[in-house]
*Asks:* 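This is the structure, below, for whatever I ask next.
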Amino acid sequence: AASAGLVYPNEPGVHTLYGWSTGLSAAIEFPKNLRLWSAVTQLNVNFTSEEMGESFGVPQISSPAPEFVFKEADWAQSTWQFSAGIDRYFPLKNRKLQPLIGLGYAAVRWQPYEVSYDFIRSNDNVEWSIVKEVELKQLIHDFGIFRLGLDYKLTKKWNAEIIGTYRVH
């Protein structure tokens with residue numbers, strides 16, 4: 001199955017401008033309203049921050065000149081998420097609409113990206129920007145996935161779903 005969605009990260013010190021995701025998934029359904037699933041998802045998010053910090057992807061750099069102070073950083077970050085888990089359906093009386101909950105495990109691969117650092121000289125508001133590439137190609141494991149959604153049976157072989165996913169590390 002194919003998927004598309006919106007991404008709303010929640011990271012201290014960071015403001016999310018916007019984000020989106022696309023992905024592919026496969027599932028095996030079992031009796032007792034259980035389903036095993038796996039998915040590969042690309043997440044793309046644009047951020048801004050008034051702080052520098054390695055923990056959220058803005059490495060510390062020095063001011064281009066002593067009279068310039070750091071103002072903010074902007075960057076677009078792309079990641080690949082590899083996940084698998086299990087969903088439990090709760091059929092309602094009409095059997096077409098089924099709420100679901102799910103748990104899963106994920107690993108995330110960060111892609112290289114560019115950070116635009118903006119510095120300002122306070123006495124005349126002159127700005128100076130520096131662009132720096134961040135080579136953060138690593139696979140981070142041990143993310144928990146929590147899913148909550150609705151499944152609607154369109155026909156015997158086709159269904160539509162809306163699922164909200166929360167990822168925690």
Side-chain angles (χ1 to χ4, degrees), residues 1-49 51-59 72-92 96-117 131-169:
S3 65
L6 300 175
V7 179
Y8 298 101
N10 184 11
E11 185 73 39
V14 175
H15 307 289
T16 305
L17 299 177
Y18 57 90
W20 53 272
S21 68
T22 56
L24 293 174
S25 63
I28 300 172
E29 293 196 16
F30 295 96
K32 307 260 187 211
N33 301 316
L34 294 175
R35 172 176 68 180
L36 289 177
W37 56 267
S38 64
V40 176
T41 308
Q42 183 183 23
L43 302 123
N44 297 282
V45 184
N46 291 305
F47 296 101
T48 185
S49 177
E51 303 174 34
M52 288 188 244
E54 295 281 344
S55 65
F56 51 83
V58 182
E72 69 178 8
D74 299 301
W75 69 104
Q77 202 166 48
S78 179
T79 59
W80 285 95
Q81 176 177 285
F82 307 95
S83 56
I86 188 166
D87 289 339
R88 169 78 162 94
Y89 290 91
F90 298 93
L92 300 177
K96 285 192 171 225
L97 186 65
Q98 300 181 89
L100 68 92
I101 61 170
L103 293 172
Y105 174 84
V108 174
R109 181 166 177 79
W110 300 95
Q111 299 299 305
Y113 57 97
E114 289 184 347
V115 178
S116 175
Y117 297 86
V131 176
K132 186 172 182 113
E133 184 157 335
V134 179
E135 288 286 332
L136 189 63
K137 279 190 169 180
Q138 60 180 331
L139 188 65
I140 302 171
H141 301 275
D142 301 329
F143 285 95
I145 299 284
F146 301 96
R147 294 167 37 117
L148 185 63
L150 290 172
D151 179 271
Y152 186 78
K153 298 285 183 196
L154 299 170
T155 67
K156 218 173 195 184
K157 293 186 178 188
W158 290 91
N159 63 329
E161 291 182 333
I162 184 165
I163 298 175
T165 302
Y166 181 76
R167 183 179 77 194
V168 63
H169 193 243

*Asks:* Can you list everything that forms a ring pair (Phe, Tyr, Trp, His ring centres under 6.0 Å) with Tyr117? Sequence neighbours excluded, please.
*Replies:*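 Result, ring pair (Phe, Tyr, Trp, His ring centres under 6.0 Å) vs Tyr117: none returned.
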
*Asks:* Would you compute the distance between atom CG of Asn159 and atom NZ of Lys153 and round it to the nearest 0.5 angstrom?
*Replies:*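 That separation rounds to 5.0 Å.
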
*Asks:* Closest heavy-atom contact between Leu139 and Ala107?
*Replies:*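 In this case the closest contact between Leu139 and Ala107 is CD1-CB, 4.1 Å.
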
*Asks:* If you measure from OG on Ser21 to CG on Asn44, what distance do you get to the nearest 0.5 Å?
*Replies:*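 One gets 8.5 Å once the value is rounded to the nearest 0.5 Å.
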
*Asks:* Please name the pair of heavy atoms, one in Tyr113 and one in Ala76, separated by the smallest distance, quoted to 0.1 Å.
*Replies:*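 In this case the closest contact between Tyr113 and Ala76 is CB-O, 3.3 Å.
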
*Asks:* Hey, what do you get for CG (Asp151) to CD1 (Ile163), rounding to the nearest 0.5 Å?
*Replies:*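 Output value for this atom pair is 7.5 Å.
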
*Asks:* Between Ile101 and Phe90, is there a side-chain heavy-atom distance shorter than 4.5 Å?
*Replies:*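 Answer yes - side chains close enough.
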
*Asks:* Is a donor on one side and an acceptor on the other found under 3.5 Å between the side chain of His141 and the backbone of Val108?
*Replies:*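 No, His141 side chain to Val108 backbone: no donor-acceptor pair under 3.5 Å.
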
*Asks:* Could you give the distance from CZ (Arg167) to OG1 (Thr79), rounded to the nearest 0.5 Å?
*Replies:*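 Arg167 atom CZ to Thr79 atom OG1 measures 5.5 Å (nearest 0.5 Å).
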
*Asks:* Ignoring hydrogens and angles, tell me if any N or O in the side chain of Thr48 forms a donor-acceptor pair with the backbone of Ala73 under 3.5 Å.
*Replies:*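 Such a contact is found between Thr48 side chain and Ala73 backbone.
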
*Asks:* What is the minimum heavy-atom distance between Pro99 and Leu92, and which atoms define it?
*Replies:*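 That would be CD-CG, 3.9 Å.
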
*Asks:* With a 4.5 Å heavy-atom cut-off, do Val40 and Trp80 have their side chains touching?
*Replies:*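 Counting from C-beta outward, Val40 and Trp80 do come under 4.5 Å.
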
*Asks:* Please name the pair of heavy atoms, one in Pro59 and one in Met52, separated by the smallest distance, quoted to 0.1 Å.
*Replies:*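 Looking at all heavy atoms of both residues, the shortest contact is O-SD, 3.9 Å.
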
*Asks:* State the CD1-CD1 distance between Ile145 and Ile86, to the nearest 0.5 angstrom.
*Replies:*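 Ile145 CD1 to Ile86 CD1: 15.0 Å, rounded to 0.5 Å.
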
*Asks:* Do other residues, nucleotides or ligands put more than 12 heavy atoms under 6.0 Å from Ile162 CD1?
*Replies:*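 No.
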
*Asks:* Any donor-acceptor pair under 3.5 Å linking the side chain of Tyr105 with the backbone of Asp142?
*Replies:*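 Confirmed, Tyr105 side chain pairs with Asp142 backbone.
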
*Asks:* So do Trp37 and Arg147 actually touch side chain to side chain, heavy atoms under 4.5 Å?
*Replies:*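 Yes - at least one pair of side-chain heavy atoms lies under 4.5 Å apart.
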
*Asks:* Test side chain to side chain contact (heavy atoms under 4.5 Å, CB included) on Leu103 and Phe146 and set out the steps.
*Replies:* CA-CA 5 Å; Leu103 293 172; Phe146 301 96; 3.3 Å; yes

*Asks:* Can you give me the closest heavy-atom contact between Glu114 and Trp75, atom names plus distance?
*Replies:*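 Glu114 and Trp75 have their closest heavy atoms at O-CB, 3.3 Å.
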
*Asks:* Can you measure from CG (Leu43) to OG1 (Thr22) and round to the nearest 0.5 angstrom?
*Replies:*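 It comes to 8.0 Å.
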
*Asks:* Taking the side chain as every heavy atom from C-beta outward, state whether Asp74 and Phe47 have any pair of such atoms under 4.5 Å apart.
*Replies:*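 No; the side chains remain at least 4.5 Å from each other.
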
